[in-house]
Structures are given as C-alpha cells and as structure tokens.
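Read the structure below first, then the notes.
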Number of protein chains: 2
Amino acid sequence: MATIYEVAKLAGVSPATVSRVFNGVAVSDEKVAAVRDAARQLKFTPNRTARTLRKQESEVIALVIPDIENPYFTELARGVEDVAQKAGYSVVLCNTDSQLEKEATYLQIAISEHMAGVILAAASDTTNLDDIQAAGRPVVAVDRGTGYDIDGVVMANRTAGQAATEHLVRAGYRRIACITGPQLIETAYERAQGWRAVVARQFPDVDPDELLRYSTFRVDGGREVMEELLALPEPPDAVVAGNNLLGVGAIQVLTEHGLTPPKLGVAVVGSLPFTTLSPSAVTLVRLPARHMGVTAAKMLLERIAGDDQPARTVVLRGELQPARAAG
Amino acid sequence: MATIYEVAKLAGVSPATVSRVFNGVAVSDEKVAAVRDAARQLKFTPNRTARTLRKQESEVIALVIPDIENPYFTELARGVEDVAQKAGYSVVLCNTDSQLEKEATYLQIAISEHMAGVILAAASDTTNLDDIQAAGRPVVAVDRGTGYDIDGVVMANRTAGQAATEHLVRAGYRRIACITGPQLIETAYERAQGWRAVVARQFPDVDPDELLRYSTFRVDGGREVMEELLALPEPPDAVVAGNNLLGVGAIQVLTEHGLTPPKLGVAVVGSLPFTTLSPSAVTLVRLPARHMGVTAAKMLLERIAGDDQPARTVVLRGELQPARAAG
DNA sequence: ACTCTATGCGAAATCGATTTCATGATCAAC
DNA sequence: GTTGATCATGAAATCGATTTCGCATAGAGT
C-alpha cells in the first residue's frame, strides 16, 4: 500500500499537505488536484492504524453482547450497525457467552485498540467499567443496567411481563406459570415481577413461587423448566416466557406433549422471528430490539462527539401482539 | 493509560527491555521482575495500535457475511469466534447485506486496519479481492466460492439438495417443488441442481421449471414463492427449501393454508434452530455451519502463520434428519 | 593468555499518519 | 510605505510500540 510520503513525492508537495487534502483543511486548488491525482494513481488509502495512533481515537465501536446466536441480539446488532456504518464507523461484535472473563478481555481490547466507544449488554451487574471510564471512552448500556451512572437503553420489562400475563388472564387462563432467565439478570427478574404482580392480584390463592421458574435464557433452559411445570401435581394451563428462546423451548415441549398452544396458553416477552406457527397461536410482547440498537448507537455517537450532558436512560416499550385463533 | 516509557522509567530499564519482557525475548530475571512489578503498579496494557503500526499486523480477523440476522451465519460466526479467541485473535463481524459496495468498504477497512486476515462469505462471485491480495492478507472463502484460487470451506450443496429431494420421494410425494435463493448465488443454484437431478430421474414427465422458484434467501422470499406455488393450477404436494429462512417462510404460508407439514411435504437444506415444530414434521439436511466456521478459522490462522501450501477447499456434508411423524 | 561466540541491554530508527510551529507570501488598512 | 493579519505550506515533532545496531561483559575453546 502506498503511503502518504509516496503520494507527496509524486504530487510534488509535502506529506503534511497530502494529509490536509484528505482532511478538508485549506489547500490551494492546484495542489489539491495534484494530490488527488497522485493518490488515484498510487491507489492510496490512508493507513488507519497510523491515524489512530496519532489521533488517539479510531472509527470503531465495540458491541459487547452475551449471546450472538440469540436473534434478539442480532437484531440489536443490526440496528447498531446501520447507524454506525452511516456515520463512518465500523462495529466490532464481541460475544461474551455471559462470561465475565471474556467480557473483561473484550473491554481491555476496546481500550488498547483506542476504540471510539462501547455498547454493552452486560454479562452481569458486577461488570467492571473502571478502566474503560478512566480511559475516557464512552459506554452505553443496552438491555441491562451496569451499576454505573451511564447512558442506557432498556426495555420496560416489568410492564412487558405484566402485559403478557394480563392477556392470558383475559383469554381465560386461570393457572399461569412463568419461566424466566437467571434471577441475577435484571431483565429476567423484572419480567417475572410483572407476571407476579398480575398473578398476585388476580389469583390471591395461588402460591406464585410454585409456578415460577428461573432458568437460563436459552432454548434448552425453556425445555427443561417447561417439563418441570408439566410434571407438577397441578400443572399450569398457561405460561409466560421471559424471552424469545425460553418461549421456543417451552413451545417445543408443549408440542411434544400434544399441548400445542392455545391448548395451553403461551405468551412470550420477545419476538419469534423464525417461528413456523402462523397466524400465531402465541401472544407476543414484541420488543423493539433493532430500535434499541439504533438509539444506543445514536447516543454513543453523541458522546463520542463530545456531548457531556448528564447520563440518560431511555426506556422502550414492548408492543402486545395478541394471539389470533389458529387458522 | 501508561506507556512503555513510563514503565521503563519506573523499572529503571530502557523501553526496549520492557518490550522484550512482554514478548518473551531473553532478559535477566531481576529485570523481568522489576518490569513486571512496574507494569502492575501502573496497570500497563500495551497499546495495540502502536504495536500494529510497527509490526504491520494486528490480532484481528474480519468475518464478512451477507446477513447477520440469519442463524446460519451466526452459527458460523460462533465457530470462527471460538477458534479465534483461543488463538488470541478478536473477530470483527461485518454485515454486507449482500451489497457489493458495503462489502468492498469492509474489505478496504480490513486492509487499512492491517487486519491479519479475512473470512468471507462473498456477496456475489464478482467480489474483487485484488487489493486485499496485493496487501498480502490471507482470505478464506466460506459457504461460497469467490472466483479466486484461495482456501475455502463449502457445503456439499448439490448432494444436500439431492438428499432432501430423495427423502421426499421415499416418503411418497410425487410432485415436488423447489424454492431457492438468487440464481447467481452458487449455493442456491447448486442445491436446486440437486433437486433437479432427482426430479428429472424420478418424474421425467414433469417440467422442472414449472416447479422451481428462485427468490431471495429470506423469510419473505420463501413466503412469496410458496404462495405462487400453491396458486398453480396443479400445485405441488411437497417442497424443497434451499435454505433455513426460505423453509421458515414456506412453512408459515403452509400453516396459514392449513397445509401443515407433513400434509404437504417439506424438506429444508439447513437447520431450524428456533422452530417450534417438534418432533419435527419437516425433513432437514442439517448443515454444519459452526464446523464450517471452525475449519475456516483454523485454515486462516495457518495462513497467517505463514503457511503457503497450495489453496485447499474443504467440502462439508450435510446430515439428513428425516421428519418423524408428528406426535 | 587470546581469540571467538553468545548474551543482555540501551540508543536510536522505524511504522505512517496528524499536527504544531515557523516561514514567506499576499493583501488590506491607515 | 509600513504594519498587521491571514493564509498556504513545509519541516519536524509526535503518537507508543518493536526492532536493528552496536557495545560491553561473560564464558568457551585452543
């Protein structure tokens, strides 16, 4: 690859002038022409590494997420990418598998690669952001909080859990279970709290804890606890799934048991983009994951540009999509 | 962030020695201790940008794919990530949306950021790799060829299409359609060719072109052409879907029409990780996407390490998973 | 005892861009 | 016509690591 020096020599100017041409600083028309010409001839592309080293900032943002195989997060990623790309930034997608150690590694890399900023769906609320804050890199939290006072975009989880449950109540179900993710993950906990509030009000004689299951936010987790629920002496007649993958797992198990929804009512907090049930027999509270990504990316870009207003938290609401009777 | 100079000063050695300590070059025990001590005190992390500039190579590899929202590619990404991460590399995930222009931009970035190599699922077979080859960066093709003589990992697409179709024949279906991706994408074309071979042999009186539909590799594409097929004067009694998303779209439409498989036979080339049909009424030819990622990453790492044997192509076979009778 | 090699280590060059600083030219104002 | 401001431009410093080069010391070989 040609360097700025070679371009300078061919154009008969100094390297400084070449740099100025490419950065929009005032240069006489004739030199601009000469430089552009030389650059074209040599197929010059500025070396981003050198530029980053000198400017102490790169046009790369890190998106750190716990599970790249979850469509919820890829949809989020998609939103981030669209905004970033338009602004001339590229996105490094970092998959942590919910492991704090992997997450810490990626955050270190973000620092030592001088990345412009980080969008983080934290593996846990004990994630340590001291170093990256000390490095002055902006961080925007998505989906979950971080324990730091930083910008964030989250879903209205409690409301979503509530809406899902209420809809099942309206549909006539009387014994509504809930399966959700790890208790330590706030999204899992809050959605369950939404469910709990409705159940406690509507069915005061039911012991909520019997019908509540914490699991992983994965398909196999959903399968496992759904089996447990069905094996109860008095099984539920409906279930609220705390995220998309749990929903998939639960529905799989139900189908295996001949309890295809709506025989047993199912409401999912999240979307099922690849479901083959259609028109859906399942109630969804669709979460605007892509919109979350877009919002977070915009906020991050503002911070990168130097905005230092107090930290903001944006809360996005899910949208109830009621089950239609199966066709 | 502390620099190597500050560490050197605190440890009472030269910056060169600090560098040597961190790169495993011979240094006396006492100086090693002093340097490590100083580094710990200052929380020193080497600046990767400076290192990349000097070494002309970074520990980052680019994974360029056409659709990050397709679980097939995220599974692939997962395989790449696992291998890369273990080898100390991080992965930049670049989503091209099958647009040559976006793809070209990302390839330029890979060059100008001195990335160690690229794993590429090309947007089209006209992708231009001249620049990146001139830059001496290794490229491994995945899923699809590139028109260049480089390492690659592909699926046995024709065989997969054939296996899917043959299974439908064995299951008694007589009028088997095929929906696949854009004709210009070799995976789409080859899978259709597999289908065509079987149909031509088994049902010589059928005009294959009437039952073959090229579309996009997306859910809406599958929906659209499935509707078309059902509207035929003489509709098919089974269909082969050329990838996972087409399969999802097709099954959605079938469900809407009350033709839930196996009423109308469905075989999909690919996996349906988030399907809610279970035990599946759908025949799958599962493609080892993750394995493809692992293989490609290993090949790339070998090239990065300097291996210059002739280009290799690895072909992976799908695995037939017959539909079980619905429970 | 006298080379000869090996080894540890610091000084300085290097990677390729950006940016500061100094210089000379141009032009307006009084 | 002198002063001052503005502007284009080049030389050189800078970002922070790695690496070459050369020197000094230590140990091996004859």
Side-chain angles (χ1 to χ4, degrees), chain A residues 1-36 38-39 42-60 88 108-116 135-137, chain B residues 1-36 38-39 42-60 88 108-116 135-137:
Chain A
M1 275 284 120
T3 74
I4 205 172
Y5 297 95
E6 305 171 52
V7 175
K9 181 179 282 182
L10 181 60
V13 300
S14 76
T17 298
V18 177
S19 170
R20 289 192 260 256
V21 169
F22 282 92
N23 289 284
V25 182
V27 171
S28 71
D29 290 351
E30 57 183 328
K31 304 221 171 187
V32 169
V35 167
R36 292 216 181 280
L42 297 173
K43 288 192 180 183
F44 169 70
T45 322
N47 181 321
R48 284 180 168 235
T49 306
R51 153 190 274 251
T52 300
L53 176 59
R54 178 62 231 237
K55 304 231 308 187
Q56 303 280 19
E57 175 165 315
S58 73
E59 283 88 37
V60 174
Q108 275 305 320
I109 291 176
I111 297 172
S112 65
E113 298 249 15
H114 288 289
M115 292 184 190
R137 300 288 149 206
Chain B
M1 273 283 119
T3 74
I4 206 172
Y5 297 94
E6 304 172 52
V7 175
K9 183 181 281 182
L10 181 59
V13 301
S14 75
T17 299
V18 177
S19 170
R20 290 192 261 254
V21 168
F22 282 92
N23 290 283
V25 182
V27 171
S28 72
D29 290 352
E30 56 185 328
K31 305 223 168 187
V32 169
V35 168
R36 292 214 181 281
L42 298 173
K43 288 190 177 185
F44 169 70
T45 322
N47 180 321
R48 283 179 168 235
T49 306
R51 152 190 273 252
T52 299
L53 176 58
R54 178 61 230 238
K55 303 230 310 188
Q56 304 278 18
E57 174 164 317
S58 74
E59 283 87 38
V60 175
Q108 276 305 319
I109 290 177
I111 296 173
S112 66
E113 297 248 15
H114 288 292
M115 292 186 191
R137 299 288 149 204

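Proteins get letters first, then strands, A, B, ... in listed order; numbering begins at 1 in each.
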Asn47(A) vs Thr3(A), test: side chain to side chain contact (heavy atoms under 4.5 Å, CB included). Steps then yes/no.
CA-CA 8 Å; Asn47(A) 181 321; Thr3(A) 74; over 6 Å; no
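Checking Leu53(A) against Val27(B), the closest nucleotide of DNA chain C that is more toward the 5' end is the one next to Val27(B). Place Tyr5(B) and Thr17(A) on DNA chain D by their nearest nucleotides, and Thr17(A) ends up nearer the 5' end.
Taking all atoms of both residues into account, the shortest heavy-atom contact from Ala116(A) to Ser58(A) is CB-O, 3.2 Å. What you find for Leu53(A) and Thr49(B) is that their closest heavy atoms are N-CG2, 3.5 Å. Closest non-hydrogen pair, Ser14(A) versus Ala8(A), comes out as C-CB, 3.7 Å.
For residues 47-58 of chain B, the set of pairs meeting the salt bridge (charged side-chain N to carboxylate O under 4.0 Å, His left out) definition, not counting sequence neighbours, comprises Glu113(A)-Arg48(B), Arg51(B)-Glu59(B), Glu57(B)-Arg137(B). Contacts classified as salt bridge (charged side-chain N to carboxylate O under 4.0 Å, His left out) and involving residues 10-33 of chain B (residues at least two apart or in different chains) are not found.
Among residues two or more places apart in sequence or in another chain, the side chain to side chain contact (heavy atoms under 4.5 Å, CB included) test is passed with Ile111(B) by Met1(A), Gln108(B), Asp131(B), Ile132(B), Ala135(B). Checked against side chain to side chain contact (heavy atoms under 4.5 Å, CB included), Ala39(B) has the following partners two or more places apart in sequence or in another chain: Val7(B), Phe22(B), Phe44(B).
Within 4.0 Å of Ala16(B), counting heavy atoms only, lies at least one base atom of the nucleic acid. Note on Ser19(A): a base of the nucleic acid sits closer than 4.0 angstrom, heavy atoms only. Contact annotation for Arg20(B): base contact, defined as any heavy-atom pair under 4.0 Å involving a base atom. Note on Phe44(B): only backbone sugar-phosphate atoms sit closer than 4.0 angstrom, heavy atoms only; bases stay farther off. Note on Val18(B): nothing from the nucleic acid sits closer than 4.0 angstrom, heavy atoms only.
Comparing the start and finish of the helix from dA1(C)-dT30(D) to dC30(C)-dG1(D), five pairs each, the helix axis swings through 40°, to the nearest 10 degrees.
Taking a heavy-atom distance under 4.0 Å as the criterion, the stretch of DNA chain C touched by chain A extends 5' to 3' from dG16(C) to dT20(C).
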